[in-house]
Amino acid sequence: MLAKNFDPKSFEKDFSFAAEAAHRNEDAESFMVLLPPPNVTGSLHVGHALCYTLQDIMVRYKRLKGYNVLFQPGLDHAGIVTQLLVEKQLYEKGAKKGSLEREELLREIWRWKENSGGTILEQMKVLGISCDFSRLRFTMDDGSKKAVSRLFIRLYNDGLAYRGERMVNWDPLIQSAISDLEVVEKEVSAKSWYLKYKLENADGFISIATTRPEMLFGDVAVAVNPRDTRYIDLIGKKVLVPIINRSVPIIADDYADPEKGTGAVKITPAHDFNDFEVGKRHGLSLVNIMNERGELEGEEIPEQFRNMDRFKAREAVVALLESEDLLEKVEAIKHKVPFGDRSGVMLEPRITRQWFIDAAKLSIPAVKAVKEGKIAFIPKHWENLFFEWMKNIEPWCISRQIWWGHRIPAWYGPDGQIFVAETAEEALQKAIVFYGKKDDVELVQDNDVLDTWYSSGMWPFIVLGWPDELDLNFYSKMIIVTGFDIIFFWIARMIMFGIYAVGDVPFGNVYIHGLVRDEKGQKMSKSKGNVIDPLQLCDIYGADAVRYTLASAASPGRDIKMSAQMVEIGRNFLTKLWNVVRFAQMNDCAYCTKDFNANTVKHPLAQWIVHKIKNMVQDVENSLENYRFDEATRSIYQCVWNSFCDWYMEFLKPILQSESGIDASNDVTASMKKEIRDVTGWAILQFVQVLYPIAPFMAKKLSGELGVADISWPDVSAITLDCGDSVEKIDRIQSVISAVRSTRKFLGIAPSEKLEAKIETTDDAFRQLCDEYREILLRMAGIFAVQKLDSQSIPVVIADAVVHIGFEGKIDAQAEKKRLHDEMKKLEKNRADTINRLNNEDFLRKASVDIVQEHKDRLDSFNDRINKINYITQNLM
RNA sequence: GGGCGCAUAGCUCAGCGGUAGAGCACUACGUUGACAUCGUAGUGGUCGUAGGUUCGAUCCCUGCUGCGCCCACCA
């Protein structure tokens, strides 16, 4: 017997899903979900909870369906994040900044990973995420290492990975290049300084606005627009850069926008992406004035500014300019500035030697695959975003000047010749051949490591054994569930790498879920303090309630506004189900007969619930196949609560509790009672089974109570029973009860006043039906008599019911007439619309047969009800 | 500046060519038999705005307004 109160904590710990997660059903069709590997430093936030729950629902559903299921987990080494974290800890323990050696730091990071990394995996288990943890992979394990260098070598040999000197976004804190995608623009309050650039060999100056006066040491030109009449005469002349008095030309370039600033712009090619391009066009030299830490450095820098931090230098330069009267004016402005998304510091465009991937080339087949539908984004509109990015794709900078990551498998000879190989020995062999020497070639390995997303991009085939033996049972059939924010970082790269390395797309479907926001719709962030902790919710309401809530809110293309109150709704539903099973236990229905056959049930109520459940299961199947988690939960909720609890169980009570059955006057046999019990137990089991993917702990617990060891998916296709008549009967009784309840309320007859209503009808079949369900009508609507229509009595038509009901109590004729009048008005309007349509030739010509018939039926129903209301209104006089 | 998404009951959201739906909230009544984590009933909406297509538009198309997001723009 279940406890009186539903307390998820009392049983959630009892269940582990490791065995079923590791089970493979080799002969069956394959189904795989690739978990987006969380950072090794990560802990479970509510976004993870949503993403993982949706995946877990799919996976569990497919397992029940008998598929050969693989839910592949992994951990990402998360290069910069992890390195920063461990470095910080070491500094806190007293290590000096910059004193750490590469090998030492790597040892520390590995040690940290073994001791403290991957806490998220345990948190996932709390939420019931049933990955096959026995297959857990790490993006820096041996297999990954091998795969990463193997692919790099191929890319290099094909000319798709190359080393080049280009301008990249540089993070002065991490002291590394980062990819364009890791740049976040933030709007900041800033100033615009208008500097005086004196004309050389002439009086006067050009005023030039800049937000970065400290960069003037790198100026090599001033550009104006060739069509800008203000400056046309100055083109070709020279000006002096303030402070250093470098003589630089005034050049004409369309880049200069007459609308912005003063229309003249200083060109600093080594420190600005646009200026770099201008510089290339005009053959300007590059003057590098900043080091990797963001300090001014170089021959060109006057002594007093050398090695000064960029922001300090700005102040100092401005002060100097002001004192020398080279500052015309200052304006306060707001503009957007690039920041590193990991470090949070302002980035610097910087020219360095980096490794790049020719993403444009790799993107061609990737775009084709999506265009051809080999890969489908769900919802589909995300494909636009994918295409947009792929269209404008830039070379992908993959080298990072950090230590934690896959070291680039490239070695350099004394003359800078590149040898790309899997091992140092191999590289050496290549070098020996190349230089035609014996064994005295000195090679130095590249110090840089690869972007973390490089290995992530290979994840689908790494986890399936590439480059050794790729498991083709799963490759290209898996699905990905993730947020839109990593479509570029991850999805696009997986598609490009997958097609390139394996020759086929890695997956078929990409489901993009929404963002989980707080209850006000704001993005959650630690700084705002509005973060909802999923584990805390699990602790209060149970993991199943959290899962249920997330699933029910996961409507495609919409963000989720999350609150504890929402989880309460989920918890309440599970409580309801808990009590359903308790009820069954109390009434001796909590069992499931192995050979129960839903096709042979006879009782209308039994047939009715079989019918409802069959529909529900089919709806849930359709919903889950289409990633409609919200629909799936809704279908289950409605069937359990509205059909089963509100109606079936209420109908059930008199049957189970009376001596012989529905009514003492009826000959309800013991075998019929038995049938009702069997059906009830069966129905509950069906609920438990369809709920298993969403609320696995609860499902396990309840199936145990029912004495069922193995949960499987209900096979409703085997239910061929024709329930038509039964469904009609029960629905009819239902509508009578609803109608009477509603009218009792309206007439002010208290529910405590029982036995005052009676049904009157000329329809013998209906009278018989009501007679059969007399006990239920009495209990649920207080109807005490069913008799032949007595024309002297006052009938009342209620809502859609086509019955006459008389009341013995007093009726407020005025109020009733008003109510009937209101209903009549609505009916007449609808009737008029319908008639108009049926008289319209265009309608009759164009509408389908079904639709015309539907309108005719509707018209009949309107007429019928209008007649009845008229009749009653007259009788009420 | 380019693109995408959203706008339906007080709130959170379904629906999407053929009589406007759910949950929460609210109101009234109800409780010793599964469940107050409850039951019954009720109140509440010209489906953002203006046009168009259609026999018929909340639904399709166009413009507009408001909100959110992505990309580009660092003078």
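All chains are named by letter (A, B, ...) in the order of the sequence lines, taking the proteins before the strands, and each is independently numbered beginning at 1. Since this is a predicted model, take the numbers as computed values, not measurements.
Across C74(B), C69(B), U37(B), the shortest atom-to-atom separation from the side chain of Phe484(A) is found for C69(B). Of the candidates G56(B), C35(B), C74(B), G56(B) carries the atom nearest the Arg837(A) side chain, counting heavy atoms from C-beta on. Here the nucleotide nearest the side chain of Arg634(A), chosen from G23(B), A14(B), C74(B), is A14(B). Checked against A14(B), C38(B), U40(B), the side chain of Trp641(A) finds its nearest nucleotide in C38(B). Of the listed nucleotides (A75(B), C71(B), A34(B)), C71(B) has the atom at the smallest distance from the side chain of Glu388(A). Relative to the side chain of Asn572(A), the nucleotides C74(B), C13(B), U37(B) differ in distance, and U37(B) lies closest.
Pairing of C74(B), defined by two Watson-Crick or G-U wobble distances under 3.5 Å, is not identified with any nucleotide. Across all strands shown, G17(B) forms no Watson-Crick or G-U wobble pair with both key distances under 3.5 Å. Pairing for U12(B) goes to A22(B), judged as Watson-Crick or G-U wobble with the two contacts each under 3.5 Å. Across all strands shown, C69(B) pairs with G3(B); the Watson-Crick or G-U wobble distances both stay below 3.5 Å. With a 3.5 Å ceiling on both atom-pair distances, the Watson-Crick or G-U wobble partner of C60(B) is G52(B). Pair check for G30(B) finds C38(B); Watson-Crick or G-U wobble, both atom distances under 3.5 Å.
Going from the P atom of G45(B) to that of U53(B) covers 31 Å, rounded to whole Å. When the P atom is used for both G42(B) and G48(B), the distance is 27 Å, rounded to whole Å. Spacing between C16(B) and A75(B) at atom P, rounded to whole Å, works out to 48 Å. Only the P atoms considered, C6(B) is 13 Å distant from U62(B), to the nearest whole Å. For the C1' atoms, the distance from A14(B) to U65(B) is 25 Å, rounded to whole Å.
Within 4.0 Å (heavy atoms only), Thr262(A) reaches no atom of the nucleic acid at all. Using a 4.0 Å heavy-atom distance criterion, Lys561(A) is classed as a sugar-phosphate-only contact. Counting non-hydrogen atoms under 4.0 angstrom, Lys4(A) reaches the backbone sugars and phosphates but no base. Residue-level contact check: Asp646(A) touches the backbone only, with heavy atoms under 4.0 Å from sugar-phosphate atoms and none from bases. Counting any heavy atom pair closer than 4.0 Å across all strands shown, Pro379(A) reaches no nucleic acid atom. Among the atoms of the strands shown, base atoms are found under 4.0 Å from some heavy atom of Val580(A). Leu385(A) comes within 4.0 angstrom of sugar-phosphate atoms only, judged by non-hydrogen atoms across all strands, and of no base. Across all strands, Asn274(A) comes closer than 4.0 Å only to sugar-phosphate atoms, never to a base (heavy-atom distances). Counting any heavy atom pair closer than 4.0 Å across all strands shown, Glu828(A) reaches no nucleic acid atom.
Atom CZ of Arg517(A) is separated from atom C1' of G5(B) by 11 Å (rounded to the nearest Å). The distance from atom CG of Asn169(A) to atom C1' of C74(B) is 11 Å, rounded to the nearest whole Å. Straight-line distance from the CZ atom of Arg858(A) to the P atom of G56(B): 16 Å, rounded to whole Å. Protein atom NE2 of His381(A) is 11 Å distant from nucleotide atom C1' of C70(B), rounded to whole Å.
Both Asp559(A) and Tyr255(A) lie close to RNA chain B; mapped to their nearest nucleotides by heavy-atom distance, the more 5′-ward contact belongs to Asp559(A). Residue-to-nucleotide proximity on RNA chain B shows that, of Val265(A) and Asn384(A), the 5′-proximal contact is made by Asn384(A).
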Tabulate below the donor-acceptor pairs under 3.5 Å that side-chain atoms of residues 211-226 of chain A make, not counting sequence neighbours, or state none.
from, atom 1, to, atom 2, distance (Å)
Arg212(A), NE, Glu214(A), OE2, 3.1
Arg212(A), NH1, Glu348(A), OE1, 2.9
Arg212(A), NH1, Glu348(A), OE2, 3.2
Arg212(A), NH2, Glu214(A), OE2, 3.0
Arg212(A), NH2, Glu348(A), OE2, 2.8
Glu214(A), OE1, Arg314(A), NE, 3.1
Glu214(A), OE2, Arg314(A), NE, 3.4
Glu214(A), OE2, Arg314(A), NH2, 3.2
Asp219(A), OD1, Lys266(A), NZ, 2.9
Asp219(A), OD1, Thr268(A), OG1, 2.8
Asp219(A), OD2, Tyr197(A), OH, 2.4
Asn225(A), OD1, Arg227(A), N, 2.9
Asn225(A), ND2, Ala256(A), O, 2.8

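Between G2(B) and Lys391(A), no contact under 4.0 Å exists linking OP1 or OP2 to a side-chain N or O. Look at Arg779(A) and you won't find any side-chain N or O under 4.0 angstrom from OP1 or OP2 of U40(B). In this structure, Asn587(A) does not reach the A34(B) phosphate: none of its side-chain N or O atoms is under 4.0 Å from OP1 or OP2.
With hydrogens and angles left out, the side chain of Lys336(A) and the base of C74(B) share no donor-acceptor pair within 3.5 Å.
A salt bridge links Arg858(A) to Glu854(A): at least one charged side-chain nitrogen sits closer than 4.0 Å to a carboxylate oxygen. The residues Glu828(A) and Lys825(A) are annotated as not salt-bridged, no charged nitrogen and carboxylate oxygen being separated by less than 4.0 angstrom.
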